[in-house]
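Remember, it's a predicted structure, so these values are computed and weren't measured experimentally.
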Amino acid sequence: MATYECSKCGMSVNATCGKCDKPLVNDMLKLDDGSEVQISKCPEDHGKIKSPLCCGQDMSCKV
């Protein structure tokens, strides 16, 4: 399971899919301009979300 942790305060979260209850996995989404955004996605393709924020910044993934 991917664990997201805030580098400022140390808060961490784990997330699961609301449809199948499987742990979300870390991934990168490539945008049209070539940049990448960190996301969390369901391993059963139920969807994806932008990775969580804390203290005004993206939380980094620790797998």
**Q** Please report the shortest heavy-atom distance between Leu24 and Ser40, naming the atom on each side.
**A** CD1-CB, 3.9 Å

**Q** Where is the tightest heavy-atom contact between Asp58 and Ser51, given as atom of each residue plus distance?
**A** OD1-O, 4.3 Å

**Q** Where do Thr3 and Ser12 come nearest, in terms of heavy atoms and distance?
**A** CG2-CB, 4.0 Å

**Q** Any chance you could measure Ile39, atom CD1, to Lys48, atom NZ, to the nearest 0.5 Å?
**A** 5.5 Å

**Q** Quick one about Asn14 and Tyr4 (side-chain donor to acceptor, distance below 3.5 Å, no hydrogens or angles considered), yes or no?
**A** no

**Q** Just jot down the side chain to side chain donor-acceptor pair (under 3.5 Å) partners of Glu5, sequence neighbours excluded, or say none.
**A** none

**Q** When clusters are formed by joining ILVMFWY residues with side-chain heavy atoms under 4.5 Å apart, either directly or through shared neighbours, do Met28 and Leu31 land in the same one?
**A** no

**Q** Are Cys9 and Cys54 close enough, and set up right, to give a side chain to side chain contact (heavy atoms under 4.5 Å, CB included), and what steps lead you there?
**A** CA-CA 8 Å; Cys9 73; Cys54 188; 3.7 Å; yes

**Q** Just checking, is any N or O donor in the side chain of Gln38 or Asn26 under 3.5 Å from an acceptor N or O on the other one?
**A** yes

**Q** Sequence neighbours excluded, which residues qualify as side chain to side chain contact (heavy atoms under 4.5 Å, CB included) partners of Asp32?
**A** none

**Q** Counting only heavy atoms not in Lys50, do more than 12 sit closer than 6.0 Å to its NZ atom?
**A** yes

**Q** Given the rule in the side chain to side chain contact (heavy atoms under 4.5 Å, CB included) test, do Ser7 and Gln57 qualify, once you have shown the distances and angles that lead to the verdict?
**A** CA-CA 9 Å; Ser7 62; Gln57 64 186 23; 2.8 Å; yes

**Q** In Å and rounded to the nearest 0.5 Å, what is the CE to SG distance from Met59 to Cys6?
**A** 6.0 Å

**Q** Checking His46 against Cys20 for the side chain to side chain contact (heavy atoms under 4.5 Å, CB included) test, could you report, in this order, the C-alpha distance in whole Å, the side-chain angles of both residues, the deciding distance, and whether it holds?
**A** CA-CA 8 Å; His46 289 129; Cys20 66; 3.6 Å; yes

